[in-house]
Number of protein chains: 2
Amino acid sequence: MLRITKIADYGFILLVYMANRDRDILYNAKDLSSAIGIPLPTISKVLKILTQGGILKSQQGSKGGYSLARPASEITAAQIIEAIEGPVAITDCSGAKGCERNCKVSPSWKKVNATLETTLQNLSLAEMAKG
Amino acid sequence: MLRITKIADYGFILLVYMANRDRDILYNAKDLSSAIGIPLPTISKVLKILTQGGILKSQQGSKGGYSLARPASEITAAQIIEAIEGPVAITDCSGAKGCERNCKVSPSWKKVNATLETTLQNLSLAEMAKG
DNA sequence: GCCAATTAAGACCAATAAGGTCTGGTATGC
DNA sequence: GCATACCAGACCTTATTGGTCTTAATTGGC
């Protein structure tokens with residue numbers, strides 16, 4: 001399959017939604033849930049992960065909520081995927097581990113991984129929101 | 001995650017192994033299993049899938065076995081992944097379906113998918129075997 | 001023509017990961 | 001101090017993947 005997970009999917013939907021509006025607005029989980037149509041507990045999980053990954057910042061307490069940690073132009077697709085799913089790589093190679101599997105088979109994988117990573121690093125949230 | 005599956009992994013190991021040897025040799029599943037160190041039933045499954053996908057051809061009966069369907073230079077990484085895991089795409093978009101999820105969020109995904117696909121199409125089995 | 005060897009195909013089970021839910025805790029504002 | 005809303009983590013259910021097994025079909029050799 002080679003696909004990103006549903007959680008990452010939701011993350012992008014969420015972030016594009018927020019990027020298309022005023023950055024200073026605080027969105028609470030309930031409003032986002034009804035606006036986007038994702039179950040509240042699930043969207044809450046996504047918000048938590050994105051906050052831990054530094055993509056969003058949260059404001060606790062009454063009248064609290066979530067907002068983008070940086071301008072959308074400074075958030076890249078690579079950062080988002082990395083926050084949710086870990087390092088971007090088609091194969092296990094690029095990690096700290098000795099890349100026991102694929103790289104031994106062929107160093108060509110490194111090139112493929114590098115190309116993908118570069119592509120995602122050059123794609124900002126602002127650009128995605130425009131479409 | 002975003003990784004290829006283990007079955008695809010095995011496929012590449014297998015194909016690189018075969019590409020590094022004489023193309024006309026017929027390999028049976030048992031020999032490949034002991035040579036590469038993958039359990040026989042599993043490697044048998046991989047061989048079957050690759051044969052159905054047109055990457056390998058098989059010779060039935062006694063003294064039968066598997067061999068590459070084409071020269072290694074004419075087999076691409078994209079073809080191999082597609083045979084094992086279906087169409088190459090990070091998101092659901094590129095398929096025949098109306099791409100209900102990501103493409104609605106952003107057409108930028110199309111560009112990412114296209115880049116990845118091009119990279120994999122330009123990577124031949126022969127090139128991978130050299131490394 | 002019969003038997004042995006080998007692939008083909010598909011059903012089947014087990015393990016893992018993902019998706020989604022729930023509960024208790026903590027900080028903030030009124 | 002009380003209500004609101006986020007925070008954190010455990011938990012369960014389901015889907016996918018990985019791996020195994022069984023039966024059928026085909027070919028070569030005796």
Side-chain angles (χ1 to χ4, degrees), chain A residues 1-14 18 25-69 81 83-87 90-92 101, chain B residues 1-14 18 25-69 81 83-87 90-92 101:
Chain A
M1 302 305 168
L2 192 64
R3 309 245 160 77
I4 59 176
T5 63
K6 235 181 204 173
I7 296 290
D9 234 36
Y10 292 158
F12 278 103
I13 294 172
L14 203 61
M18 292 173 81
I25 296 175
L26 284 175
Y27 300 93
N28 67 38
K30 192 158 60 174
D31 290 348
L32 287 171
S33 169
S34 58
I36 301 179
I38 299 172
L40 177 57
T42 301
I43 212 170
S44 176
K45 186 180 191 175
V46 178
L47 289 165
K48 181 174 64 179
I49 294 172
L50 287 172
T51 303
Q52 287 171 338
I55 308 293
L56 294 176
K57 60 183 175 188
S58 66
Q59 173 74 32
Q60 274 191 324
S62 146
K63 307 277 176 187
Y66 296 91
S67 59
L68 296 181
I81 292 180
I84 297 176
E85 319 208 344
I90 289 183
T91 55
D92 277 339
R101 293 212 311 233
Chain B
M1 301 303 172
L2 193 65
R3 309 247 160 77
I4 59 175
T5 63
K6 237 181 205 172
I7 296 288
D9 234 35
Y10 293 159
F12 278 103
I13 295 172
L14 202 63
M18 292 173 82
I25 296 176
L26 283 175
Y27 301 92
N28 66 38
K30 193 158 60 175
D31 290 348
L32 287 171
S33 169
S34 58
I36 300 179
I38 299 172
L40 177 58
T42 301
I43 212 170
S44 176
K45 187 180 190 174
V46 178
L47 290 165
K48 181 173 64 180
I49 293 172
L50 287 172
T51 303
Q52 289 173 336
I55 309 293
L56 295 177
K57 60 184 175 188
S58 66
Q59 172 75 33
Q60 272 190 323
S62 145
K63 305 276 175 189
Y66 296 91
S67 59
L68 296 180
I81 291 180
I84 297 176
E85 318 207 345
I90 290 184
T91 54
D92 277 339
R101 293 210 312 230

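Just so it is clear: chains get the letters A, B, ... in the order the sequence lines come, proteins before strands, and each one is counted from 1. Quick caveat, the model's predicted, so the values are computed rather than measured.
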Which pairs, protein N/O on one side and nucleotides 26-30 of chain C N/O on the other, fall under 3.5 Å?
| from | atom 1 | to | atom 2 | distance (Å) |
| --- | --- | --- | --- | --- |
| dA27(C) | O4' | Gln60(A) | OE1 | 3.1 |
| dT28(C) | O2 | Ser62(A) | N | 3.4 |

Original post:
Do Lys6(A) and Thr42(A) touch side chain to side chain, with heavy atoms closer than 4.5 Å?
Top reply: no
In whole Å, what is the span from the [atom1] atom of [X] to the [atom2] atom of [N]?
{"X": "Ile7(A)", "N": "dT16(D)", "atom1": "CD1", "atom2": "P", "result": "15 Å"}
{"X": "Ile4(A)", "N": "dG19(C)", "atom1": "CD1", "atom2": "C1'", "result": "15 Å"}
{"X": "Lys6(B)", "N": "dA15(C)", "atom1": "NZ", "atom2": "C1'", "result": "10 Å"}
{"X": "Ile43(B)", "N": "dG18(D)", "atom1": "CD1", "atom2": "C1'", "result": "14 Å"}
{"X": "Leu50(B)", "N": "dT7(C)", "atom1": "CG", "atom2": "P", "result": "14 Å"}
{"X": "Asp31(A)", "N": "dT4(D)", "atom1": "CG", "atom2": "P", "result": "15 Å"}
{"X": "Asp9(B)", "N": "dG19(D)", "atom1": "CG", "atom2": "C1'", "result": "15 Å"}
{"X": "Lys48(A)", "N": "dG20(C)", "atom1": "NZ", "atom2": "P", "result": "15 Å"}

Subject >> Under 3.5 Å donor-acceptor, Ser33(B) side chain and Ile38(B) backbone >> reply: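 Flag set: sc Ser33(B) to bb Ile38(B) pair under 3.5 Å.
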Original post:
Hey, does the side chain of Glu85(B) reach the backbone of Ile4(B) with a donor-acceptor pair shorter than 3.5 angstrom?
Top reply: no
Original post:
Has the side chain of Lys45(A) got a donor or acceptor atom sitting under 3.5 Å from an opposite partner on the base of dG9(D)?
Top reply: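 Under the 3.5 Å cut-off, the side chain and the base do not form any donor-acceptor pair.
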With the side chain of [X] defined as its heavy atoms from C-beta on, choose the nearest nucleotide among [options].
{"X": "Asn28(A)", "options": "dG9(D), dC6(D), dG10(C)", "result": "dC6(D)"}
{"X": "Lys30(B)", "options": "dT17(D), dA18(C), dT6(C)", "result": "dT6(C)"}
{"X": "Pro41(B)", "options": "dG19(C), dT21(C), dT20(D)", "result": "dT20(D)"}
{"X": "Thr42(A)", "options": "dG20(C), dA9(C), dT17(D)", "result": "dG20(C)"}

Subject >> Side-chain N,O (Tyr10(B)) to OP1/OP2 (dG19(D)) below 4.0 Å >> reply: yes
Original post:
Do you know the tightest heavy-atom contact between Tyr27(B) and Met18(B)?
Top reply: CD1-CE, 3.5 Å
Gap separating the [atom1] atom of [X] from the [atom2] atom of [Y], nearest 0.5 angstrom:
{"X": "Ile49(B)", "Y": "Leu56(B)", "atom1": "CD1", "atom2": "CG", "result": "11.0 Å"}
{"X": "Leu47(A)", "Y": "Leu14(A)", "atom1": "CG", "atom2": "CG", "result": "5.0 Å"}
{"X": "Lys57(B)", "Y": "Leu26(B)", "atom1": "NZ", "atom2": "CG", "result": "8.5 Å"}

